[in-house]
There are 2 protein chains.
Amino acid sequence: MNAFNDTPCHDPTRKRLLQAALDVFADKGFRDATVREICAKAEVNAASVNYHFRSKEALYSEVLSFAYREANERYPYTLASDASLPPEVRLRHFIGNLLARMLDDTYLGRHGKLLAREIADPTPTGALDQVIETTMKPHCEVLDGIVAELVGPGYSEADMHRLGLSIVGQCLMYHHSRSLIDRVCPEIIATPEEIANTADCIAHFSIAALKHLATKDGRA
Amino acid sequence: MNAFNDTPCHDPTRKRLLQAALDVFADKGFRDATVREICAKAEVNAASVNYHFRSKEALYSEVLSFAYREANERYPYTLASDASLPPEVRLRHFIGNLLARMLDDTYLGRHGKLLAREIADPTPTGALDQVIETTMKPHCEVLDGIVAELVGPGYSEADMHRLGLSIVGQCLMYHHSRSLIDRVCPEIIATPEEIANTADCIAHFSIAALKHLATKDGRA
DNA sequence: CTTTGTTTCAAACAATCGTTTGAATCGCTT
DNA sequence: AAGCGATTCAAACGATTGTTTGAAACAAAG
């Protein structure tokens with residue numbers, strides 16, 4: 001894949017394909033997305049996928065890596081990682097960041113959606129393992145650090161994982177259950193202000209839980 | 001659809017198709033599931049789908065309703081709805097019930113998985129609207145009642161929705177991010193005991209949050 | 001047994017899809 | 001201008017899919 005990685009900056013066709021594919025894969029998922037639709041969106045011939053990427057699957061793997069890199073540029077975790085800030089503030093940044101990835105309906109928001117899709121229903125491309133190892137685990141470690149500071153010692157590793165998942169699960173809800181929210185209570189994410197309110201709600205809920213659990217004797 | 005509903009008890013082929021389809025749709029999703037695979041599993045001819053159900057889409061709609069009815073039989077919300085129990089206990093039952101639907105790997109656990117799939121990525125069959133209106137909203141009302149008792153008055157309707165979503169999101173996480181959990185921390189749901197521990201953790205986290213928020217001045 | 005309606009079946013159909021193919025075009029170097 | 005490699009293209013290919021079709025088999029009633 002290194003040969004490919006050296007090329008993209010100077011290859012307009014390849015770049016157009018990547019961006020179109022990101023859109024279509026995020027919207028439709030791997031299976032439903034067709035090479036013809038991607039190529040139509042990129043305004044290139046269908047054979048270009050095979051020429052530039054060898055196959056639909058290889059394109060997908062490339063898009064997944066590309067998506068994650070771009071999401072990190074748009075929604076960096078720098079504030080969530082800044083140890084000079086209090087853990088509550090870091091957690092609020094982490095949550096706001098993750099939620100924004102789920103709810104950004106502009107072009108760049110497709111990254112979070114694509115990732116959420118892949119996690120929920122991994123494609124046979126094997127791309128998920130690589131993305132988890134190289135990029136998602138470091139983000140989980142940021143969250144683990146914040147949670148550990150807030151609850152203090154005394155929790156098993158398994159319970160630490162569960163606490164982290166409880167926080168992330170609240171944010172991912174807004175992607176995975178978007179169809180439900182749009183039908184039942186669309187107003188809660190209707191404007192940037194409401195999205196910020198939602199992030200606040202998740203942060204307060206989670207911080208309240210962690211602090212309350214910290215004041216108990218440790219094990220829940 | 002009423003004509004169909006009167007038939008199923010006495011039609012073995014139809015029933016076999018429904019059950020096979022539930023399995024395959026839950027595992028593969030609507031698009032990836034093929035009529036041939038479903039019919040092979042049910043040991044019937046492929047044309048039977050069109051004869052008994054008119055189309056793949058109609059079969060899916062029927063399976064979705066069937067799935068929800070069966071999940072309610074297996075995992076009833078009676079304890080969560082029992083107003084004589086304290087709200088904390090009711091919430092623990094609600095969470096345990098919802099989590100079990102997500103994590104039951106036996107045949108009957110397919111229901112929750114199918115529903116989670118449909119919500120995350122609605123099929124063009126239009127079946128989701130019906131399921132939401134007739135069956136899922138009553139369950140949301142159960143949860144809303146519990147949350148209202150725990151946090152007390154002073155919260156806007158939007159924030160009540162967000163609180164409910166925070167609780168449900170933690171449980172759905174175990175379905176949507178199963179691939180991630182299986183790679184990073186599979187032990188947390190490896191045995192029935194661990195699943196119960198996970199439900200406890202979610203319940204404690206949520207109850208802690210709600211109680212802490214209740215002792216504040218109301219609005220988060 | 002005949003008639004009628006129901007159910008099942010194998011084959012066929014039309015559409016879609018990712019991929020391959022070989023020619024044409026393009027771009028660069030000498 | 002010629003040569004070479006890179007890129008694009010339209011057509012074709014083989015596989016897959018949901019659906020249709022008409023015949024065969026089955027079941028029930030008279």
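Throughout, a chain's letter reflects where its sequence line sits, starting with A, and its residues are numbered from 1. Computed from a prediction, not measured in an experiment: that's the story for all the values here.
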>> How close do A:A116 and A:H175 get, counting heavy atoms only, and between which atoms?
In response: CB-CD2, 3.3 Å
> B:N45 has a side chain; which of D:dT20, C:dT8, C:dC9 sits nearest to it?
Replying inline: C:dC9
>> Could you report the tightest heavy-atom contact between A:V142 and A:A80, atom names first, then the distance?
In response: CG1-O, 3.6 Å
> To the nearest Å, how far apart are B:D32 CG and C:dT16 C1'?
Replying inline: 15 Å
> Parallel under 30°, tilted from 30 to 60°, perpendicular over 60°: which one fits the rings of B:H176 and A:H176?
Replying inline: parallel
> Can a donor-acceptor pair be found between the side chains of A:R92 and A:N97 at a distance below 3.5 Å?
Replying inline: no
> Whole Å only: how far is the OH atom of B:Y60 from the P atom of D:dT17?
Replying inline: 18 Å
> Could you give the CZ-to-P distance, from A:F53 to C:dG18, as a whole number of Å?
Replying inline: 15 Å
> Rounded to the nearest Å, what distance is computed from the CZ atom of residue A:R54 to the P atom of nucleotide D:dT7?
Replying inline: 17 Å
> Which of residues 37-44 of chain A have a heavy atom under 4.0 Å from DNA chain C?
Replying inline: none
> Taking only N and O in the side chain of B:T13, is any of them less than 4.0 Å away from OP1 or OP2 of C:dT7?
Replying inline: no
>> By nearest atom, which of the nucleotides C:dT19, D:dT7, C:dT7 is closest to the A:S55 side chain?
In response: C:dT19
> Taking only residues two or more places apart in sequence, or in another chain, which ones meet A:D129 in a side-chain hydrogen bond (donor to acceptor under 3.5 Å, both in side chains)?
Replying inline: B:R183
> Taking the side chain of B:Y51 as its heavy atoms from C-beta onward, which of C:dT19, C:dT6, D:dT19 lies nearest to it?
Replying inline: C:dT6
>> By nearest atom, which of the nucleotides C:dT20, D:dG18, C:dG18 is closest to the A:A47 side chain?
In response: C:dT20
> Of A:R31 and A:R36, whose nearest nucleotide on DNA chain D comes first from the 5' end?
Replying inline: A:R36
> Are a donor atom and an acceptor atom from the side chains of B:Q130 and B:S65 found within less than 3.5 Å of each other?
Replying inline: no
> Given atom CG of B:N50 and atom P of C:dA14, what is their separation to the nearest angstrom?
Replying inline: 17 Å
> Rounded to the Å, how far apart are B:L59 CG and D:dG18 P?
Replying inline: 11 Å
> Nearest to the side chain of B:V35, which nucleotide is it out of D:dA10, D:dT19, C:dT8?
Replying inline: D:dT19
> Any side-chain N or O of A:H52 under 4.0 Å from OP1/OP2 of D:dA6?
Replying inline: no
> Roughly how many Å is it from NZ in B:K56 to C1' in C:dT16, rounded to a whole number?
Replying inline: 13 Å
> Do B:H139 and B:Y68 have a side chain donor and acceptor closer than 3.5 Å?
Replying inline: yes
> Starting at CZ of A:R14 and ending at P of D:dA6, how long is that distance when rounded to a whole Å?
Replying inline: 16 Å
